[in-house]
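Reviewing the structure listed below.
A note on names: the letters A, B, ... follow the listed sequences, proteins ahead of strands, and every chain is numbered from 1. Predicted, not measured: the structure shown is a model, and the values here were computed from it.
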There are 2 protein chains.
Amino acid sequence: MTSATPYHHGDLPRVLRAAAAEVLAERGVAGFSLREVARRAGVSHAAPAHHFGDATGLLTAVAVEGFRYLTEATRAAAASSDDPLDSLVAVGRAYVSVALDHPGHVAVAFRWDIVDVDDPDYQDWGNQAFAVLEGAIERLAAERNPDLDIGLASALCWSMVEGLLIVHLPLAAMTERKGGAAVPPIPDLAEAFTRLMVHGLAP
Amino acid sequence: MTSATPYHHGDLPRVLRAAAAEVLAERGVAGFSLREVARRAGVSHAAPAHHFGDATGLLTAVAVEGFRYLTEATRAAAASSDDPLDSLVAVGRAYVSVALDHPGHVAVAFRWDIVDVDDPDYQDWGNQAFAVLEGAIERLAAERNPDLDIGLASALCWSMVEGLLIVHLPLAAMTERKGGAAVPPIPDLAEAFTRLMVHGLAP
DNA sequence: GTTGGGTCTTGACGGCGTCAAGATCTAATC
DNA sequence: GATTAGATCTTGACGCCGTCAAGACCCAAC
């Protein structure tokens with residue numbers, strides 16, 4: 001063992017978070033169960049409680065990890081271009097890409113009813129993720145539309161991308177599953193949404 | 001009794017749907033329980049199964065009712081003005097108003113993981129609700145922007161309003177509860193979003 | 001070597017969804 | 001009007017769930 005391997009199991013909290021994200025990705029929020037998580041981690045059914053208190057605690061930890069992924073990915077995307085529009089588009093693509101790569105994490109990030117919204121880490125990383133988007137909007141406004149209400153526009157983009165994930169991602173999966181008409185990749189849809197929103201539906 | 005009062009209880013399915021919506025509104029999807037619904041309806045814990053099969057069946061029935069409310073309200077709103085922009089704005093306001101008036105119904109409408117997405121009524125009323133929005137977009141395009149991709153724009157608006165409900169509605173409730181800064185009414189926010197989207201962030 | 005505290009297990013409890021079996025009631029038939 | 005058939009609802013049971021209390025275990029410091 002290297003330096004700071006904890007007591008018995010070797011960073012059980014990390015294993016539990018990963019197992020929880022796996023269960024969430026496979027069975028959705030409705031199919032989530034603490035006991036199933038414990039089973040996959042190879043520990044007893046009451047082990048998670050010691051680290052996370054209860055189910056809400058574990059789900060909150062997963063949600064925080066999700067916000068962390070979102071923050072890091074969108075931050076890198078925002079810095080990927082000097083053109084503010086390209087930068088904003090990249091942020092949108094990065095956002096949905098994280099949701100595709102970590103479906104279990106993002107599935108709980110906005111589930112206020114099953115997460116502890118008063119958790120400091122949850123609020124902190126949630127705010128950071130939002131701040132990245134706000135920064136991208138701010139640069140767009142500075143260069144192209146100084147009169148833009150940045151708070152309103154950021155909230156709009158945030159809603160748009162979250163609605164995209166909730167409404168169209170499962171819808172696309174469903175029509176795909178049924179062999180329906182081919183559906184464009186979700187990141188492309190996010191880009192199309194972003195460009196249409198910046199341009200305006202009827203400017 | 002009038003004409004066709006059913007057998008024992010007097011339209012138990014209707015009572016169960018109402019009780020389910022009540023529980024959903026009070027405790028959220030996570031706090032939902034078939035037995036609690038049965039308790040409120042004054043019947044035994046297994047009674048709902050006879051009419052709705054299982055929990056998914058009852059939740060699907062509530063979701064269908066939600067889509068019905070959405071369809072009716074937005075249809076009336078769309079017809080409330082001859083100006084296509086005002087009409088679209090009214091549709092947006094009507095949508096979130098339904099969500100405020102029937103929180104239990106709308107809470108399950110898009111929960112693909114706990115609802116039977118193959119249910120014909122569910123698909124039918126979901127499509128009808130979407131068609132109303134699409135019609136409003138179509139009129140806007142005809143009058144002001146013939147080049148608009150109507151399917152894309154409709155999907156964007158749909159995502160926007162749904163994201164608004166999921167992200168900002170509980171967020172507003174939370175900051176309100178904590179005595180934070182006053183938050184604009186959600187229908188006003190929906191209107192601001194709509195106008196900003198039509199106009200464009202940086203046209 | 002002993003002691004202490006963090007880590008995990010075991011066992012129990014009530015609540016849940018679901019199923020099978022039976023009771024109860026309505027409506028149609030004779 | 002009595003009987004029968006079928007829909008409606010109840011009762012009881014099962015396994016799974018989250019949570020709690022108590023105890024076993026194990027590492028680390030003394």
Separation of atom [atom1] in [X] from atom [atom2] in [N], rounded to whole Å:
X	N	atom1	atom2	answer
B:L12	D:dA7	CG	P	16 Å
B:L16	D:dT8	CG	P	12 Å
A:D11	C:dG6	CG	P	18 Å

Holding to side chain to side chain donor-acceptor pair (under 3.5 Å), I want the full list of residues that pass it with [X], two or more places apart in sequence or in another chain.
X	result
B:R17	B:E65
A:N127	none
B:R35	none

Nucleic acid footprint by protein, nucleotides 12-24 of chain D - heavy-atom cut-off 4.0 Å, B for base, S for sugar-phosphate alone:
BB---BBBB----
With sequence neighbours excluded, residues passing ring pair (Phe, Tyr, Trp, His ring centres under 6.0 Å) with B:F32:
none
OP1 or OP2 of C:dT9 sitting under 4.0 Å from any side-chain N/O of A:H50?
no
Mind telling me whether A:F193 and A:H168 have parallel, tilted or perpendicular rings, with 30° and 60° as the class edges?
perpendicular
Listed once per pair and sorted, the ring pair (Phe, Tyr, Trp, His ring centres under 6.0 Å) pairs that draw on residues 147-166 of chain B, sequence neighbours left out:
B:Y95-B:W158, B:F110-B:W158, B:F130-B:W158
